[in-house]
Amino acid sequence: MGSSEKSQETILVTGGAGFIGTHTVVQLLHGGFRVSIIDNFDNSCMEAIERVKQLVGPELSKKLDFNLGDLRKREDLEKLFSKTKFDAVIHFAGLKAVGESVANPRRYFDNNLIGTINLYEIMAKHNCKKMVFSSSATVYGQPEKIPCVEDFELKAMNPYGRTKLFLEEIARDIQKAEPDWSIILLRYFNPVSAHESGKIGEDPRGIPNNLMPYIQQVAVGRLPELNVYGHDYPTKDGSAIRDYIHVMDLADGHIAALRKLFSTPDIGCVAYNLGTGCGTSVLEMVAAFEKASGKKIPIKLCPRRPGDATAVYASTEKAKKELGWKAKYGVAEMCRDQWKWASNNPWGYQSKPQSKP
Ligand SMILES: NC(=O)c1ccc[n+]([C@@H]2O[C@H](COP(=O)([O-])OP(=O)(O)OC[C@H]3O[C@@H](n4cnc5c(N)ncnc54)[C@H](O)[C@@H]3O)[C@@H](O)[C@H]2O)c1
Ligand SMILES: O=c1ccn([C@@H]2O[C@H](COP(=O)(O)OP(=O)(O)O[C@H]3O[C@H](CO)[C@@H](O)[C@H](O)[C@H]3O)[C@@H](O)[C@H]2O)c(=O)[nH]1
């Protein structure tokens, strides 16, 4: 299943200017959907929307409507829902930096919880009751067993993770009380890479927290070396293991989820993992990126990062069976496309550095 089937529905994409949002919007437009975006550019910029338009061309761009707005402001949502009748919402908008959430939990509860509660209120008012929600593998905490299966017990390790856990519970409560809601919770593992064109990709503000954007910035000379957090884990090479997934596979997972919502009226509220099912260590990822880019990535072995799990990867059976979706790309393709984005856009969406990194 994927973007070859054409659809007529109109989809609201919250946070559609962000990393996963832009890639999903491209696939939605190719799939024939009409798309409205609401984003406040808290962690993104107008250039990302311009790039999406360049990528899909002038005809499909006519089906894209961008709205600057904030989910915390109900009037912004009200304005949007009064203008357009939406068939479903893909809800990406949220803050996602774990460390920042520990330092400033109120910002995370305000943005992620209040923003989402407002969205449910306005959706209910306008009788739009189909939602695909960005959850995270973070809801498995430090899993006792791997692969992670959707019916495992859920835990939160930090305020960011708590917002995802609370929002999953809120979704389940709302759907239970009002059975005409259909909600799919997608638990992403580690989204990486970029569109194969190299035109859109991840562009974090400041020093990256996540592995792949950090490696990318070392490769283009913005950072001197990669700190490898932990080299004494009980794994094959001592570094931690994660399930990295190509953002284009993830985007297609959202299309599969939407099609499921439209074809299964009584789906209820259900969670799916979006991962590859394969675990890759930090050092293996560094080696794969060096191969794809031809660049040496200098590393420094450092102590473990507090709160990190040893090994996390997904069970992919449920998404395969019920959504008809599975990841196509492996680590080599992830690194190839990440490098294309990095080498074409060493400063992300900025044309040249405005300040020193
Ligand atoms: N990237 C990951 O590693 C990862 C993993 C698991 C889950 N997720 C979740 O997926 C979603 C998308 O992640 P991403 O990587 O694309 O992040 P991102 O920061 O690139 O995109 C999020 C977008 O939402 C916007 N936004 C934030 N708060 C808003 C608000 N109140 N009103 C309007 N717009 C707002 C931001 O400006 C940004 O464009 C998030 O909910 C995130 O928690 C991401
Ligand atoms: O500079 C770095 C950055 C990361 N790592 C290691 O690389 C691995 C992956 O780290 P990272 O890319 O930060 O991802 P996770 O910590 O697995 O968390 C991501 O994946 C979770 C599950 O989807 C999401 O909830 C989080 O928001 C998202 O940051 C971990 O072992 C890190 O210790 C390094 O060694 N050096």
Side-chain angles (χ1 to χ4, degrees), residues 13-24 37-45 48-49 67-73 76-77 90-99 101 107-108 110-112 114-116 118-119 133-141 148 156-158 160-161 163-164 167 186-192 201-205 207-215 217-218 223 225-231 233 235 239-245 247 250-251 254 273-275 280-283 285-286 299-314:
V13 180
T14 76
F19 169 43
I20 306 170
T22 43
H23 293 80
T24 303
I37 293 175
I38 180 167
D39 202 299
N40 64 358
F41 291 148
D42 185 280
N43 194 34
S44 53
C45 60
I49 302 292
N67 302 269
L68 185 63
D70 193 317
L71 266 54
R72 288 166 301 174
K73 296 188 190 147
D76 289 359
L77 286 167
I90 303 182
H91 178 30
F92 291 113
L95 303 176
K96 61 166 186 177
V98 172
S101 81
R107 176 165 146 80
Y108 275 67
D110 177 44
N111 195 82
N112 294 5
I114 306 292
T116 306
N118 284 343
L119 180 62
F133 172 68
S134 297
S135 187
S136 166
T138 193
V139 298
Y140 294 116
C148 299
M157 306 278 295
N158 49 61
Y160 163 71
T163 68
K164 292 296 176 193
L167 288 169
L186 295 178
R187 296 179 184 153
Y188 314 151
F189 280 67
N190 288 59
V192 298
E202 187 171 12
D203 184 19
R205 297 213 169 135
I207 307 273
N209 300 303
N210 299 117
L211 180 66
M212 287 310 280
Y214 205 105
I215 292 181
Q217 293 198 10
V218 174
L223 292 167
E225 63 188 1
L226 172 74
N227 296 318
V228 172
Y229 297 128
H231 48 95
Y233 283 107
T235 60
S239 65
I241 288 177
R242 295 289 181 276
D243 185 341
Y244 298 93
I245 174 166
V247 65
L250 204 63
H254 289 76
N273 290 337
L274 293 186
T280 306
S281 75
V282 172
L283 293 176
M285 215 55 192
V286 172
I299 61 167
K300 185 166 141 199
L301 297 178
C302 301
R304 296 179 184 193
R305 196 169 64 174
D308 273 0
T310 303
V312 183
Y313 54 88

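Residues take their numbers from the sequence shown, with the count starting at 1. Remember, it's 1-based here, ligands and their atoms both numbered in the order they're listed.
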Trainee: Considering non-hydrogen atoms of the protein only, which is the closest contact for atom 27 (C) of ligand 1, and what is the distance?
Mentor: G94 N, 3.5 Å
Trainee: When you compare ligand 2 with L211, is there at least one nitrogen or oxygen pair between them that comes in under 3.5 angstrom?
Mentor: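 Min N/O separation from ligand 2 is below 3.5 Å for L211.
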Trainee: I need the contact type for S135 against ligand 1. Using non-hydrogen atoms and a strict under-4.0 Å cut-off, is it side chain, backbone, both or neither?
Mentor: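 Backbone only.
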Trainee: Please report which non-hydrogen protein atom sits nearest to atom 11 (C) of ligand 1, along with the residue it belongs to and the distance in Å to one decimal place.
Mentor: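 Ranking protein heavy atoms by distance from atom 11 (C) of ligand 1, first comes F92 O, 3.2 Å.
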Trainee: Identify the protein heavy atom lying closest to atom 21 (O) of ligand 1, giving its residue, its atom name and the separation to 0.1 Å.
Mentor: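 Checking every protein heavy atom, the shortest distance to atom 21 (O) of ligand 1 gives G18 CA, 3.4 Å.
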Trainee: Give me the residue, atom name and distance of the protein heavy atom closest to atom 17 (O) of ligand 2.
Mentor: R242 NE, 2.7 Å
Trainee: So which heavy atom in the protein is nearest atom 43 (O) of ligand 1, and how far is it from that ligand atom?
Mentor: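 Nearest protein contact, heavy atoms only, for atom 43 (O) of ligand 1 is Y160 OH, 2.9 Å.
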Trainee: Should D39 be counted as touching ligand 1, given the test is an N or O pair under 3.5 Å?
Mentor: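 In this structure, D39 places an N or O atom under 3.5 Å from an N or O of ligand 1.
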Trainee: Step by step, work out the side chain to side chain contact (heavy atoms under 4.5 Å, CB included) result for L71 and H91.
Mentor: CA-CA 10 Å; L71 266 54; H91 178 30; 3.3 Å; yes
Trainee: Assess the side chains of Y140 and N273: does a donor N or O sit below 3.5 Å from an acceptor N or O?
Mentor: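 There is such a pair (donor and acceptor under 3.5 Å, judged by atom type) between the side chains of Y140 and N273.
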Trainee: Would you mind checking which non-hydrogen protein atom is closest to atom 8 (N) of ligand 1, with the distance to 0.1 Å?
Mentor: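 Checking every protein heavy atom, the shortest distance to atom 8 (N) of ligand 1 gives Y188 CD1, 3.6 Å.
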Trainee: Indicate, as side chain, backbone, both or neither, the part of Y160 found under 4.0 angstrom from ligand 2 when only non-hydrogen atoms are considered.
Mentor: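 For Y160, the contact with ligand 2 is made by the side chain alone.
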Trainee: Considering only heavy atoms of A93, which atoms of ligand 1 have at least one such atom less than 4.0 Å away?
Mentor: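 The atoms of ligand 1 under 4.0 Å from a heavy atom of A93 are 24 (O), 26 (N), 29 (C), 34 (N), 35 (C).
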Trainee: May I ask you to test the N210-N190 pair for a side-chain heavy-atom distance under 4.5 Å?
Mentor: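 Heavy-atom side-chain distance check fails, nothing below 4.5 Å.
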Trainee: In ligand 1, which numbered atoms sit nearer than 4.0 Å to a non-hydrogen atom of N43?
Mentor: 18 (P), 19 (O), 20 (O), 36 (C), 37 (O)
Trainee: Ligand 2 versus N209, non-hydrogen atoms closer than 4.0 Å: side chain, backbone, both, neither?
Mentor: backbone
Trainee: Using a 4.0 Å heavy-atom threshold (strictly under), name the region of S136 that reaches ligand 2: side chain, backbone, both or neither.
Mentor: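 Within the 4.0 Å criterion, S136 contacts ligand 2 through side-chain atoms alone.
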Trainee: Heavy atoms only, cut-off 4.0 Å: how does K164 contact ligand 1, side chain, backbone, both, or neither?
Mentor: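 The side chain, only.
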Trainee: Among protein heavy atoms, which lies nearest atom 31 (O) of ligand 2, and at what distance?
Mentor: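 For atom 31 (O) of ligand 2, the nearest protein heavy atom comes out as A240 CB, 3.2 Å.
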Trainee: Using a strict 4.0 Å threshold on nitrogen-to-oxygen distance, state whether R72 and D42 make a salt bridge.
Mentor: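 Looking at R72 and D42, the cut-off is not met.
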Trainee: Between N43 and K96, is a side chain to side chain contact (heavy atoms under 4.5 Å, CB included) present by the stated rule, with each step listed?
Mentor: CA-CA 10 Å; N43 194 34; K96 61 166 186 177; 4.2 Å; yes
Trainee: If I take atom CG from residue L226 and atom CE from residue M212, how far apart are they, to the nearest 0.5 angstrom?
Mentor: 10.0 Å
Trainee: What do we get for V282 next to ligand 2 when only non-hydrogen atoms under 4.0 Å count, side chain, backbone, both or neither?
Mentor: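 Side chain only.
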Trainee: With heavy atoms under 4.0 Å as the rule, classify the contact between Y229 and ligand 2 as side chain, backbone, both or neither.
Mentor: both
Trainee: Identify the closest protein heavy atom to atom 16 (O) of ligand 2: which residue and atom is it, and at what distance?
Mentor: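 For atom 16 (O) of ligand 2, the nearest protein heavy atom is R305 NH2, 2.9 Å.
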Trainee: With side chain to side chain donor-acceptor pair (under 3.5 Å) as the test, pick out the partner of S44 among D39, D203, T22.
Mentor: D39
Trainee: Search all heavy atoms of S239 against all heavy atoms of Y233 and return the closest pair with its distance.
Mentor: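 So the two residues come closest at C-CD1, 4.0 Å.
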Trainee: Using heavy atoms and a threshold below 4.0 Å, how should the contact between N111 and ligand 1 be classified: side chain, backbone, both, or neither?
Mentor: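 The answer is the side chain of N111.
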Trainee: Between N158, N210, N190, which one has a non-hydrogen atom sitting closest to atom 28 (C) of ligand 2?
Mentor: N210
Trainee: What's the shortest distance from atom 1 (N) of ligand 1 to any protein heavy atom, and which residue and atom give it?
Mentor: K96 NZ, 3.6 Å
Trainee: Heavy atoms only, cut-off 4.0 Å: how does D308 contact ligand 2, side chain, backbone, both, or neither?
Mentor: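 Only the side chain of D308 comes within reach of ligand 2.
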Trainee: Polar contacts were defined as any N/O atom of the residue lying under 3.5 Å from an N/O atom of the ligand; does this apply to L71 and ligand 1?
Mentor: yes
Trainee: Can you check which of P204, G115, A97, G69 brings a heavy atom nearest to atom 33 (C) of ligand 1?
Mentor: G69
Trainee: Quick one: closest heavy-atom pair of Y188 and S134, and the distance?
Mentor: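 It is OH-OG, 2.7 Å.
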Trainee: When you compare ligand 1 with D70, is there at least one nitrogen or oxygen pair between them that comes in under 3.5 angstrom?
Mentor: yes
Trainee: Starting from atom 35 (C) of ligand 1, locate the nearest protein heavy atom and write down its residue, its atom name and how far away it is, to 0.1 Å.
Mentor: N40 OD1, 3.1 Å
Trainee: Could you identify the single nearest non-hydrogen protein atom to atom 13 (O) of ligand 1 and state the distance to 0.1 Å?
Mentor: I20 CD1, 3.8 Å
Trainee: Are any side-chain N or O atoms of N227 and backbone N or O atoms of C302, one a donor and one an acceptor, separated by less than 3.5 Å?
Mentor: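 Judged by distance alone, no pair lies under 3.5 Å.
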Trainee: Please check whether F19 reaches ligand 1 - meaning an N/O of the residue sits under 3.5 Å from an N/O of the ligand, judged on distance alone.
Mentor: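 Yes; the residue has a nitrogen or oxygen that sits under 3.5 Å from a nitrogen or oxygen of the ligand.
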Trainee: Walk me through whether H254 and L274 qualify under side chain to side chain contact (heavy atoms under 4.5 Å, CB included).
Mentor: CA-CA 9 Å; H254 289 76; L274 293 186; 4.3 Å; yes
Trainee: Of all the atoms in ligand 1, which lie at a distance below 4.0 Å from a heavy atom belonging to F41?
Mentor: 37 (O)
Trainee: Which atoms of ligand 2 sit under 4.0 Å from any heavy atom of Y214?
Mentor: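 Checking each atom against Y214, I get 1 (O).
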Trainee: With heavy atoms of F189 as the reference, note each atom of ligand 2 found under 4.0 Å away.
Mentor: 22 (C), 23 (O)
Trainee: Is the shortest N/O to N/O distance between S136 and ligand 1 below 3.5 Å?
Mentor: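 Looking only at distances, the answer is no, because the N/O contact criterion of under 3.5 Å is not met.
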Trainee: Aromatic rings Y160 and Y108: how do their planes relate, parallel, tilted or perpendicular, breaks at 30° and 60°?
Mentor: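 Because their plane-to-plane angle is over 60°, the rings of Y160 and Y108 count as perpendicular.
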Trainee: Pull out every atom of ligand 1 sitting under 4.0 Å from any heavy atom of S134, numbered as shown with elements.
Mentor: 9 (C), 10 (O), 11 (C), 41 (O)
Trainee: Which ligand 2 atoms, with their elements, are less than 4.0 angstrom from a heavy-atom of Y244?
Mentor: 8 (C), 9 (C)
Trainee: Output the list of atoms in ligand 2 that are nearer than 4.0 Å to some heavy atom of V228, sorted by atom number.
Mentor: 35 (O)
Trainee: If I apply the N/O under 3.5 Å rule, does N227 come out as touching ligand 2?
Mentor: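 It does: an N or O of N227 is found under 3.5 Å from an N or O of ligand 2.
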Trainee: Which of the atoms in ligand 1, numbered in the order shown and given with their element, are less than 4.0 Å from a heavy-atom of D42?
Mentor: 37 (O)
Trainee: How many angstroms lie between atom CZ of R305 and atom CG of N209, to the nearest 0.5 angstrom?
Mentor: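 So the CZ of R305 and the CG of N209 are separated by 7.0 Å.
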Trainee: Counting only heavy atoms, which portion of Y140 has something under 4.0 Å from ligand 2: side chain, backbone, both, or neither?
Mentor: neither
Trainee: If we only consider heavy atoms of P191, is any one of them less than 4.0 Å away from an atom in ligand 1?
Mentor: yes
